[in-house]
Amino acid sequence: ENVEEIRILSLDEQGIYSSEPILFEDIPDYFGAAFKPFDYLSADTSTIGTLEVGVETASAIEFEDDRDWFAINLQVGGEYTFTQSGGDGDGLLSDARIYGIYSDEGKLIPGTQNDDWAHSGQSSSHENSGTNATYDTDSRVDFLAPETGTYFLSVGAYDDSLATGDYTVNVQQDLVD
């Protein structure tokens, strides 16, 4: 059975409860910007999301400003290539962005962010979108692990206010150009 509305309980100044129906589609408007749908992949080191080298992982950006974090164990000196791909179809993330690779302490490792991976001969910036240049809206980061341990990949959408949808993340070893 599909539930189309919920009831919100309110307590007035005189201590009397009342309830009003709210349609699911109106919940963000009712609660305002503070409302966030449930997101099972947290945007910190407590995430339950995991990655394995050579295994493609699928997930979704479900709401505005959503970030998904994934834990992965890497070996010192290992050269890794992280990619995030969406697509142009219905329900797919139209413009993927890697927000960075983080240490086991949750600190951003400089130089590990990417938006719009440039293949050879392509532009890699949204500033060029008004020209004839073409670019890939997938994201890629090449990373040399400085030590053995757990790292965290943070991914999301390029335009947080507009983009939601499904995406895949892949990690390969020894593909750094």
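Throughout, residue positions are numbered sequentially from 1 according to the sequence presented.
The backbone N or O of R140 sits less than 3.5 Å from a side-chain atom of N114, completing a donor-acceptor pair. Listed for the T168 side chain is no donor-acceptor partner under 3.5 Å among the backbone atoms of A58. Checking side-chain atoms of T112 against main-chain N and O of G100 turns up no donor-acceptor pair under 3.5 Å.
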**Asked** Would Q84 and N170 count as a side-chain contact (heavy atoms from CB on, under 4.5 Å) if you check the C-alpha gap in whole Å, the side-chain angles of each, and the deciding distance to 0.1 Å?
**Response** CA-CA 7 Å; Q84 180 195 15; N170 200 347; over 6 Å; no
**Item:** T83 and I98: CA distance, side-chain angles, deciding distance, side-chain contact (heavy atoms from CB on, under 4.5 Å) verdict
**Value:** CA-CA 8 Å; T83 57; I98 294 177; 5.8 Å; no
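Grouping the Ile, Leu, Val, Met, Phe, Trp and Tyr side chains by contacts below 4.5 angstrom, directly or via other members, places V53 with I109. Residues Y80 and V55 are members of separate hydrophobic clusters, defined by side-chain heavy-atom contacts under 4.5 angstrom among Ile, Leu, Val, Met, Phe, Trp and Tyr.
When every heavy atom of A96 is checked against every heavy atom of S139, the shortest pair comes out as O-OG, 2.7 Å. In this structure, L108 and Q113 approach most closely via the heavy-atom pair CD2-NE2, 3.8 Å. Between L74 and A145, the shortest heavy-atom contact is CB-CB, 4.1 Å.
In this structure, CD on E62 lies 11.0 Å from CG on L93, to the nearest 0.5 angstrom. Considering CZ of F82 and CD1 of I101, their distance stands at 4.0 Å, rounded to 0.5 Å. The structure places CG of L41 at 6.0 Å from CD1 of I48, a figure rounded to the nearest 0.5 Å. From L92, atom CG reaches atom CG of D166 across 6.0 Å, with rounding to the nearest 0.5 Å.
Counting heavy atoms from C-beta outward, V171 and I72 have side chains that approach closer than 4.5 Å.
Looking at residues two or more places apart in sequence or on another chain, you find a side-chain hydrogen bond (donor to acceptor under 3.5 Å, both in side chains) between S85 and D138. Partners of D44 by side-chain hydrogen bond (donor to acceptor under 3.5 Å, both in side chains), not counting sequence neighbours, listed by chain and number: S42, S46. Listed by chain and residue number, D68 satisfy the side-chain hydrogen bond (donor to acceptor under 3.5 Å, both in side chains) test with Y167 (two or more places apart in sequence, or in another chain). Residues satisfying the side-chain contact (heavy atoms from CB on, under 4.5 Å) test with T57, not counting sequence neighbours, are L51, F70.
Annotation: cation-pi geometry satisfied between R67 and Y99 (NZ/CZ under 6.0 angstrom from ring centroid, within 45° of ring axis).
Remark: the D174 side chain and the Q172 side chain contain no N/O donor-acceptor pair separated by less than 3.5 Å.
Applying the salt bridge (charged side-chain N to carboxylate O under 4.0 Å, His left out) rule to pairs touching residues 96-105 yields E105-K107, sequence neighbours excluded.
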Identify each donor-acceptor pair in which a side-chain atom of residues 146-154 lies under 3.5 Å from a protein atom, sequence neighbours left out, and give them as a table.
unit_1	atom_1	unit_2	atom_2	d
T148	OG1	V76	N	2.9
T150	OG1	N73	OD1	2.7
Y151	OH	E147	N	3.3
Y151	OH	E147	O	2.7
S154	OG	W69	NE1	3.0

